[in-house]
Amino acid sequence: MSGKIIDGKALAAEIKKDLKEKIGDLKTKPKFAIVLVGRNEASEIYVKNKQKAALEVGIESVLYAFDEKATQKELENLIEKLNKDCSVNGILIQLPLPESLDGQALIEKIDVQKDVDGFCPLNIGRFECGCRNTLVAATPKGVLRLLENAGVKLEGKSALVIGRSNIVGKPMAMLLLEKNCTVTVAHSATQNLPELVRQADIVVSATGRAKMIKGSWLKKGAVVVDVGISRDGNGKICGDVDFESALDVASYITPVPGGVGPMTIAMLLENVLEAYLKQNA
Ligand code: NDP
C-alpha cells in the first residue's frame with residue numbers, strides 16, 4: 001500500500017484564491033501588524049512568507065522589527081498603540097522571542113479581537129468552553145482543514161497528537177476532540193511512544209525531532225500529519241516523520257515541505273479577514 005500525499009500547497013492556493021476574491025469586494029483592505037524581535041533566520045523567513053502571501057490576497061501587513069535589546073515596556077507600548085489603531089485588524093508576535101522578554105505577557109496584551117494567531121488565553125479558553133465564534137490558532141486549524149478536505153472521517157477515530165505546545169499540540173488536541181476523536185497527547189516524558197503510535201488511526205506530530213517517527217511504528221492505513229520542520233543530516237528540510245518508510249504504511253500523509261506549512265499561512269490570512277469582518281460588522 002502506498003499512501004496518498006495530502007497536498008497542502010494546492011489547498012492553500014485554493015484558499016488564498018478564495019480570500020483574494022472576498023477581499024477584492026471589500027471597501028477597505030484588511031491590515032495586520034507583525035512584531036519581530038532580534039535576528040532569527042527562520043523567523044525572518046516566516047515573516048517574509050507571511051507578508052508575501054498577504055500581499056497576494058490583498059491584505060496589508062506592517063512589520064515592526066526590533067533588535068534583541070528591545071524592552072518589555074517598549075513592546076507593550078507598541079501593542080497598546082496597535083490595539084487602539086482602528087486601521088489595524090490583527091496583531092501577531094513572531095515567536096520565539098529573545099529570552100529576556102516575557103512573550104506570554106505580551107501575547108496577553110493583544111486585544112482578543114485582533115489576536116489573529118489565536119494565542120491569547122481568552123481566545124483559547126473560549127474555544128475550549130465550546131465557543132466557536134473565536135480566533136483559532138492557524139497551524140492546528142490548517143491541519144484540520146487538510147484532514148477534512150482529504151475526506152478523512154474523524155468521528156470515533158483514535159488520534160495521537162505528539163507535542164503539547166500552546167501554539168500547536170494543545171489546540172490541535174482540542175480541535176480533534178471537538179470532532180469526536182478519542183485523543184491522546186504525547187510529549188517528551190511519554191514512555192511508550194512507538195506503542196501509542198501503533199494504536200492511532202490519526203497521528204499528528206509536532207515535536208521538531210527530525211524523522212523520529214518510523215513507518216514501522218504506524219498502524220496500517222493510519223493518517224499521518226507532520227507539522228514538524230527540521231533539517232536532516234544533509235541539511236535538507238524534513239519533518240518529524242520518516243516520510244519514505246511511512247508512505248508505504250499510511251493511507252494519507254502530509255509531506256514536509258508542502259504540507260502543513262502553506263496551510264498555516266493560509267489560515268493566518270483567513271483569521272485576518274475574519275477579524276476584519278467582525279471589527280467592521
Ligand atoms: P515546541 O518546542 O514548543 O514543542 C515541542 C513539543 O514536542 C513539546 O511538547 C515536547 O514535549 C514534544 N517533544 C519533544 N521531543 C519529543 C519526543 N522525543 N517525544 C515526544 N514528544 C516530544 O515546538 P512547537 O510546538 O512550536 O513546534 C513543533 C514543531 O512544529 C517544530 O518543528 C516547529 O518548527 C514546527 N512548526 C511548524 C509549523 C508549520 O506551519 N508547519 C508551525 C508551528 C510549528 P515537552 O512539552 O515535554 O517538552
Side-chain angles (χ1 to χ4, degrees), residues 5-9 11-13 15-16 34 40-54 92-97 99 103-104 107 116-119 124 136-147 159-176 183-200 203-214 217-218 224-232 235-243 253-271:
I5 296 173
I6 300 181
D7 188 343
K9 213 170 155 188
L11 181 58
I15 292 168
K16 283 193 283 181
I34 303 177
N40 175 316
E41 201 193 329
S43 291
E44 284 172 11
I45 295 171
Y46 292 143
V47 166
K48 215 166 91 189
N49 290 342
K50 286 172 189 175
Q51 291 199 279
K52 186 169 161 266
L92 75 82
I93 300 171
Q94 186 64 41
L95 301 174
L97 289 172
E99 278 182 10
Q104 187 59 31
I107 287 170
V116 285
D117 260 339
F119 294 166
I124 296 169
V136 175
T139 301
K141 187 176 172 183
V143 170
L144 194 65
R145 196 69 68 81
L146 278 174
L147 292 171
L160 174 67
V161 178
I162 313 175
R164 57 174 165 182
S165 70
N166 287 337
I167 66 172
V168 189
K170 282 183 198 159
M172 188 74 248
M174 287 311 300
L175 282 176
L176 291 167
V183 183
T184 304
V185 181
H187 44 77
S188 65
T190 297
Q191 295 293 313
N192 51 348
L193 189 61
E195 235 168 83
L196 291 176
V197 171
R198 199 156 296 125
Q199 288 163 18
V203 178
V204 180
S205 187
T207 69
R209 302 275 176 258
K211 300 186 179 181
M212 177 178 78
I213 296 157
K214 311 297 174 203
W217 296 9
L218 294 166
V224 181
V225 181
D226 194 347
V227 181
I229 305 174
S230 315
R231 288 193 187 269
D232 66 14
K236 216 175 133 210
I237 288 188
C238 68
D240 292 354
V241 179
D242 179 33
F243 186 80
I253 184 165
T254 61
V256 179
V260 176
M263 285 300 289
T264 294
I265 294 189
M267 292 299 102
L268 167 70
L269 301 177
E270 204 176 85
N271 279 354

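As the structure lists them, so they are numbered: ligands from 1, and atoms in each ligand from 1.
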(message) Less than 3.5 Å apart, any donor N or O on the side chain of Thr254 or Asp226 sitting next to an acceptor on the other?
(response) no
(message) Checking side chain to side chain contact (heavy atoms under 4.5 Å, CB included) between Met263 and each of Val225, Ile15, Val227, which is the one that passes?
(response) Ile15
(message) Taking atom NZ as the centre, does Lys211 end up with more than 12 heavy-atom neighbours from other residues, nucleotides or ligands that are less than 6.0 angstrom away?
(response) no
(message) Could you check whether any side-chain N or O of Asn192 sits under 3.5 Å from a backbone N or O of Glu195, counting only pairs where one atom can act as donor and the other as acceptor?
(response) no
(message) Quick one: does any side-chain atom of Thr264 pair with a main-chain N or O of Ala138 as donor and acceptor, under 3.5 Å?
(response) no
(message) Please check this pair: side chain of Asp240 against backbone of Met212, looking for a donor-acceptor N/O pair closer than 3.5 Å.
(response) no
Report each N/O pair between ligand 1 and the protein that falls under 3.5 Å, naming both atoms.
unit_1, atom_1, unit_2, atom_2, d
ligand 1, 9 (O), Arg164, N, 2.8
ligand 1, 11 (O), Ser188, N, 3.2
ligand 1, 15 (N), Arg209, NE, 3.0
ligand 1, 21 (N), His187, O, 3.4
ligand 1, 21 (N), Ser188, N, 3.4
ligand 1, 25 (O), Ser165, OG, 2.5
ligand 1, 32 (O), Ile229, N, 3.0
ligand 1, 32 (O), Ile229, O, 3.3
ligand 1, 40 (O), Thr264, OG1, 2.7
ligand 1, 41 (N), Val227, O, 3.3
ligand 1, 46 (O), Arg164, NE, 2.7
ligand 1, 47 (O), Arg164, NE, 3.4
ligand 1, 47 (O), Arg164, NH2, 2.8
ligand 1, 47 (O), Ser188, N, 3.1
ligand 1, 47 (O), Ser188, OG, 2.5

